[in-house]
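Read the structure below first, then the notes.
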Amino acid sequence: MHDQYEPAAVEAEAQQYWEGAGTFRAVEDPARPKYYCLSMFPYPSGRLHMGHVRNYTIGDVISRFMRMQGRNVLQPMGWDAFGLPAENAAMANGVPPARWTYDNIATMKRQLKALGFGLDWSREVTTCRPDYYRWNQWLFLRMLEKGIAYQKTGTVNWDPVDQTVLANEQVIDGRGWRTGALIEKREIPMYYLGITRYAEELLGALEGLDGWPERVRTMQANWIGRSEGVTIAFPYELDGARHTLKVFTTRADTLFGATFVAVAAEHPLATRAAAGDPALAAFVDECKRGSVMEADLATLEKRGMPTGFSVTHPLTGARVPVWVGNYVLMGYGEGAVMGVPGHDERDFAFARKYGLPIVQVIDVDGRPYSAAAWQPWYADHGRCIGSGRYDGLDYEAAVHAIAADLAARGLGALQVQWRLRDWGISRQRYWGCPIPLIHCAACGTVPVPDRDLPVVLPEDLVPDGSGNPLARLKAFVECACPACGKPARRETDTMDTFVDSSWYFLRYASPGSDAAMVDERVRYWLPADQYIGGIEHAILHLLYSRFWTRVMRDLGLVSISEPFQNLLTQGMVRNGIYFRKPASGRVVYYNPADVEVLTDARGQPTGARLKADGQPVESGGIGTMSKSKNNGVDPQAFIDRYGADTARLFMMFAAPPDLSLDWSDEGAEGASRFLKRLWKTVHAHLASGARAPLDAAALGAADRALRRIAHQTLAKVSDDYGRRRTFNTAIAAVMELLNAVRDHDAATPVARAVVHEALEFAVLMLSPVVPHVAHALWRELGHERAVVDEAWPASDPAALVQDTVELVVQVNGKVRSRITVPVDAAEEAVRAAALADPTVQRFVGSQAVRKVIVVKGKLVSVVAG
RNA sequence: GCGAAAGUGGCGGAACUGGUAGACGCGCUGGAUUUAGGUUCCAGUGGGGCGACCCGUGAGGGUUCGAGUCCCUCCUUUCGCACCA
């Protein structure tokens with residue numbers, strides 16, 4: 001028996017046991033109810049960070065809890081192994097992305113094992129391996145056949161110096177991150193997946209996802225963005241031919257107030273006008289500069305220039321000028337919007353700036369309208385005025401009447417519009433899944449035949465920042481056309497890494513399947529019962545996965561539509577930020593581990609200084625752990641010092657899973673202290689003497705009270721793990737139970753029997769969080785079977801019974817006294833007891849008692865006066 | 001800019017269905033043990049007041065016998081915005 005808790009030995013032993021027994025190998029068994037617990041797979045960035053530890057601990061706690069509930073648990077793991085950081089590392093170190101990635105995977109796998117997660121490694125998925133990504137390619141070809149995948153142009157960030165396409169994160173303040181060159185928008189051909197075909201279904205099905213957080217569902221619904229409106233065509237003549245400029249609006253009722261139309265800089269009309277107007281050409285060029293990020297575009301100052309063209313108002317026949325606006329997106333709708341300054345705030349500002357007419361065409365309760373200053377109510381729905389025969393109509397009626405009249409003239413129609421855009425998957429990058437297409441001068445674009453899949457990505461290239469090295473590799477590019485056999489060029493764009501992560505959770509259920517993308521085992525495991533990952537994936541990854549699953553469903557590959565039944569979005573892990581800003585200018589960040597925080601007598605922080613030189617450093621508050629702020633805590637160093645159980649315990653105890661978690665060395669120390677205390681408590685109990693068999697009927701009051709606490713705690717912890725998923729309150733409850741054990745007089749064999757049961761419960765309840773300690777202590781408590789294989793105990797209803805209950809008594813809303821009454825006391829008796837209480841009488845005084853509210857088991861509220 | 005959420009002691013948080021605000025832990029204070037530091041153990045700890053009591057959940061208003069919880073306005077912070085993953 002070890003009196004000292006030694007995490008390293010305890011953890012090695014437990015992990016060896018699980019490994020040897022094959023504890024976490026998941027086997028399909030139709031006779032048992034399955035539980036598929038899925039955590040978002042990591043990008044192999046080098047080493048695990050605290051966010052991973054938090055994410056996977058949550059998954060492991062749920063997995064182990066469900067296992068004890070008798071479920072056949074699958075908890076797999078894999079690697080989101082394609083992506084930009086590998087190319088950046090390659091540029092910095094000259095190492096091929098493949099080697100860097102595989103090395104990182106080896107390191108991180110070792111770290112995951114050290115944390116004791118119950119993972120089934122036989123199902124490991126690595127997305128940069130051909131046996132995985134061949135199925136990306138295969139499904140892409142099926143989508144191409146069905147027309148779901150198609151080609152059109154898309155806008156990218158172009159670095160004119162490096163002659164390369166940049167990711168949004170590589171554009172800083174409109175300039176290339178390496179070259180500092182001003183970035184231009186460029187239109188290039190790309191492949192798209194028609195996610196908008198599924199918009200209606202993806203939106204409608206959100207309602208059934210009641211295991212998802214409401215906020216994620218709301219964000220997705222807003223992202224998909226269904227809006228009903230009217231497409232309106234503004235006719236014009238150009239070079240003797242008739243054309244129309246199409247816009248979409250949800251406010252067709254304001255059509256009579258349209259005093260201009262704005263088009264995107266890339267719009268053909270803008271290009272045409274710019275050809276004869278150097279000033280406009282310069283403006284169009286300026287609009288094309290900068291990044292393609294929507295957040296950047298949205299915060300731009302709205303600017304515009306007239307094209308000199310005008311179009312005809314479809315109802316009034318008036319001439320409406322066409323402007324180029326820097327805020328109009330070519331990729332959204334037809335690249336044109338109508339401007340109604342009278343009733344749209346942005347158009348109002350635009351019109352004021354450029355002296356365009358502002359006309360009121362909607363009346364709201366007869367309120368006085370002034371074009372001098374914008375009022376929020378201008379955008380409200382109301383009744384049409386100044387709109388000819390539509391005057392007096394309300395919003396609904398006006399929109400329908402105007403749409404009908406436009407339709408009669410062939411100049412418009414009611415339309416449902418989606419904010420969601422089709423998914424552009426082409427990336428002009430090396431470290432990704434090759435798009436399986438061949439370009440032939442004679443046959444055009446030809447799909448790679450299935451028999452030639454996968455198109456294997458060579459793993460020995462090293463990108464240098466100037467374009468895709470694949471495009472320069474003759475052995476890859478040069479090929480024969482599958483249709484005519486003549487020399488042809490292979491496509492060198494690769495797929496968005498969101499493709500890889502859109503179905504990995506299906507592949508976990510079909511390990512080793514090389515004849516098909518997935519096999520019949522997905523029917524057993526899917527959908528995932530629980531998905532756990534960062535809130536930052538609330539929209540894109542989850543939406544793409546829902547889409548991809550539906551595409552596979554429509555191809556008959558799976559029978560489900562929704563891949564994730566329950567979703568838990570975990571918060572960020574944060575830490576203090578400390579820095580110095582030397583006169584030279586560049587800020588230096590110091591890791592919190594190297595900083596000493598100074599406090600006053602009350603413990604309030606007064607300052608901070610660097611341990612190394614004792615000189616002060618500035619505090620930058622608290623922020624998400626990141627390399628750039630140098631405020632990360634390395635899990636490995638922590639585990640080496642305190643053990644995996646302490647890391648897991650602190651992570652689960654410090655905050656509920658969906659809130660951000662602030663790292664605290666002292667808090668982690670507290671977690672370690674608790675485990676030591678648990679260890680010592682169990683050993684002290686075992687050494688304390690003989691215990692009697694537990695006879696619930698023969699217990700004294702104190703023993704009965706402790707037993708009640710133990711069973712109450714069990715009920716609470718079961719609910720916290722299973723329903724509420726608040727691991728912090730579950731752990732707090734077990735701490736309270738142990739405090740009660742500490743305060744319990746265990747001098748008799750009977751009392752020790754009660755303590756024994758309480759400690760067994762504590763070990764069982766903590767085992768999902770700190771499985772290694774629990775493994776060791778469970779053996780010490782005299783059990784043959786490993787705690788991981790034990791069933792979750794049931795709490796005894798008889799142990800929960802209480803004779804009396806304490807109620808709070810309020811007088812006029814303030815707590816004034818407490819009374820103790822029998823649990824089954826009638827309301828009338830409780831009321832009488834409350835009014836008879838001397839303190840209550842003192843506060844009621846001479847006032848009349850007007851009302852007495854009795855809330856059973858909680859309180860009595862006396863209203864006097 | 002748009003969309004979504006969160007603000008409670010010195011700190012992380014608890015209060016689950018509108019019903020005792022501050023569970024549990026950290027920190028701090030005092031004490032015991034220790035040669036000392038650390039560890040460990042015991043007690044105290046929202047603010048004010050000698051006290052009876054009063055005040056307190058980002059700010060301001062409202063509903064209610066009763067509001068951290070519901071409603072309205074505002075402020076701050078965090079996440080997402082389609083090529084970071």
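Being a predicted model, the structure only gives us computed values, none of them experimental. We name chains A, B, ... by the order of the sequence lines, and we start the count at 1 in each one.
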Please work out if A/A654 contacts a base, only the sugar-phosphate, or nothing of the nucleic acid, heavy-atom cut-off 4.0 Å.
sugar-phosphate

Distance, P atom - from B/U45 to B/G10, rounded to whole angstrom:
16 Å

Over all strands shown, is A/V855 touching base, sugar-phosphate only, or nothing at heavy-atom distances under 4.0 angstrom?
base

Qualifying residue for side-chain contact (heavy atoms from CB on, under 4.5 Å) with A/V811, from A/D837, A/V844, A/T839
A/V844

Consider the side chain of A/T218, meaning its heavy atoms from C-beta on, and name the nucleotide among B/C54, B/C84, B/A4 that approaches it most closely.
B/A4

Name the closest nucleotide to the A/R842 side chain, picking from B/A52, B/C65, B/G1.
B/A52

For B/U20, give its Watson-Crick or G-U wobble partner with both distances under 3.5 Å, or none.
none

Does the side chain of A/Q570 reach to within under 4.5 Å of the side chain of A/R54, using non-hydrogen atoms?
yes

Side chain of A/R215 only, heavy atoms from C-beta on: which candidate in B/A4, B/A85, B/C79 is closest?
B/A4

Has the side chain of A/D80 got a donor or acceptor atom that lies under 3.5 Å from a matching backbone atom of A/F41?
no

Answer yes or no: does a side-chain N or O of A/N222 lie under 4.0 Å from OP1 or OP2 of B/G80?
no

Just checking A/V862: base, sugar-phosphate only, or nothing, at a heavy-atom cut-off of under 4.0 Å?
nothing

Has the side chain of A/R818 got a donor or acceptor atom sitting under 3.5 Å from an opposite partner on the base of B/U20?
yes

Got a donor-acceptor pair under 3.5 Å from the side chain of A/R850 to the base of B/C65?
no

Residue-phosphate contact under 4.0 Å: A/T726 side-chain N/O, B/C16 OP1/OP2:
no

Taking only the P atom of each, what is the distance from B/C53 to B/U8 in whole angstrom?
30 Å

Specify the residue among A/A167 and A/S660 whose closest nucleotide of RNA chain B lies further upstream toward the 5′ end.
A/S660

Euclidean distance for P, B/G18 against B/U69 (whole angstrom):
11 Å

Between A/Q841 and A/L835 (side chain of the first, backbone of the second, donor and acceptor by atom type, cut-off under 3.5 Å), is there such a pair?
yes

Looking for any heavy atom pair under 4.0 Å, which part of the strands does A/F498 touch: base, sugar-phosphate only, or nothing?
base

Checking contacts here: which listed nucleotide (B/C65, B/G25, B/A85) is nearest the side-chain heavy atoms of A/K851?
B/C65

Report the C-alpha separation of A/R346 and A/D344 in whole Å, then their side-chain angles, then the decisive distance to 0.1 Å, and conclude whether the salt bridge (charged side-chain N to carboxylate O under 4.0 Å, His left out) test is met.
CA-CA 6 Å; A/R346 288 160 307 173; A/D344 180 280; 3.4 Å; yes

Can you tell me how far C1' in B/U57 sits from the matching atom in B/G9, rounded to whole Å?
10 Å

Between B/G12, B/C24, B/A82, spot the one nearest the side chain of A/E736, thanks.
B/C24

Of all the nucleotides listed (B/G3, B/A52, B/A14), which has the minimum atom distance to the side chain of A/M219?
B/G3

Can you measure A/F650 atom CZ to B/G27 atom P for me and round it to whole angstrom units?
12 Å

Considering every strand shown, what is the Watson-Crick or G-U wobble mate of B/G10 when both distances are under 3.5 Å?
B/C26

Check every strand shown and say whether A/K856 touches a base, only sugar-phosphate, or nothing at a heavy-atom separation below 4.0 Å.
nothing

Check whether the ring centres of A/F653 and A/F674 lie less than 6.0 Å apart, and answer yes or no.
no

Round to a whole Å and report the spacing from NZ of A/K858 to C1' of B/A67.
15 Å

Using the closest heavy atom to pick a nucleotide of RNA chain B for each, name whichever of A/E169 or A/A655 lands nearer the 5' end.
A/A655

Taking B/U39 as the reference, what is the distance to B/G48 when you measure between their C1' atoms (whole Å, please)?
38 Å

Quick one: label A/L420 by what it contacts on the DNA or RNA (base, sugar-phosphate, nothing), any heavy atom closer than 4.0 Å.
base

With a 4.0 Å cut-off on heavy atoms, is A/Q428 in touch with a base, just the backbone sugar-phosphate, or nothing at all?
base

At 4.0 Å (heavy atoms only), tell me whether A/L84 reaches a base, stays on the sugar-phosphate, or touches nothing.
sugar-phosphate

Who does B/A36 pair with, Watson-Crick or G-U, both distances under 3.5 Å?
none

Please state whether the phosphate of B/A6, meaning OP1 or OP2, lies under 4.0 angstrom from any side-chain nitrogen or oxygen of A/R574.
no

So which nucleotide from B/A82, B/C65, B/G25 ends up closest to the side chain of A/R421?
B/A82

Answer for the Watson-Crick or wobble partner of B/G1, both distances under 3.5 Å, is B/C81

Could you measure between the two P atoms, the one in B/G60 and the one in B/G68, and give it in whole Å?
14 Å

Reckon A/M495 touches a base, only the sugar-phosphate, or nothing at all at heavy-atom distances under 4.0 Å?
nothing

side-chain N/O A/R673 vs B/C26 OP1/OP2, d < 4.0 Å:
yes

Checking contacts here: which listed nucleotide (B/C24, B/G13, B/A85) is nearest the side-chain heavy atoms of A/H537?
B/A85

Phosphate contact (B/A14 OP1 or OP2) by A/N728 side-chain N/O below 4.0 Å:
yes

What is the ring orientation for A/Y5 with A/W679, classed by angle as parallel under 30°, tilted 30 to 60°, or perpendicular over 60°?
tilted

Under 4.0 Å: is that the gap between some side-chain N or O of A/R427 and OP1 or OP2 of B/C84?
no

Taking the same atom, P, in B/A21 and in B/G56, what whole-Å distance lies between them?
13 Å

Is the shortest side-chain N/O distance from A/R742 to OP1 or OP2 of B/C42 below 4.0 Å?
yes

Using a 4.0 Å heavy-atom cut-off, does A/T729 contact any base of the nucleic acid, only the sugar-phosphate backbone, or nothing at all?
sugar-phosphate

Among B/A82, B/A14, B/C54, the one nearest A/R816 by side-chain distance
B/C54

chi for B/G22 classified (syn = within 90 degrees of 0, anti otherwise) as anti

If I take atom OG1 from residue A/T126 and atom CG from residue A/D500, how far apart are they, to the nearest 0.5 angstrom?
11.5 Å

Stepwise salt bridge (charged side-chain N to carboxylate O under 4.0 Å, His left out) check, A/E294 with A/R421:
CA-CA 13 Å; A/E294 191 173 306; A/R421 309 199 289 261; 3.7 Å; yes

Whole-Å P distance, B/C54 and B/C2:
46 Å

Check this one for me: any side-chain N or O of A/K814 less than 4.0 Å away from OP1 or OP2 of B/C55?
yes

Within this structure, what is the CG-to-P distance between A/D658 and B/A5, rounded to whole angstrom?
13 Å

Establish, with yes or no, whether the OP1 or OP2 oxygen of B/A85 is under 4.0 angstrom from a side-chain nitrogen or oxygen of A/T497.
yes

Indicate, with yes or no, if the rings of A/W212 and A/Y531 have centres closer together than 6.0 Å.
no

Quick check for you: among B/C16, B/G27, B/C79, whose closest atom lies nearest to any side-chain atom of A/T624?
B/C79

Going by modelled atom types, is there a donor-acceptor pair between the base of B/G19 and the side chain of A/Q810 at under 3.5 Å?
yes

Under 4.0 Å between any heavy atoms, over every strand shown, what does A/W223 touch: base, sugar-phosphate, or nothing? Just pick one.
base

Pairing partner of B/C70, by Watson-Crick or G-U wobble and under 3.5 Å for both distances, is B/G62

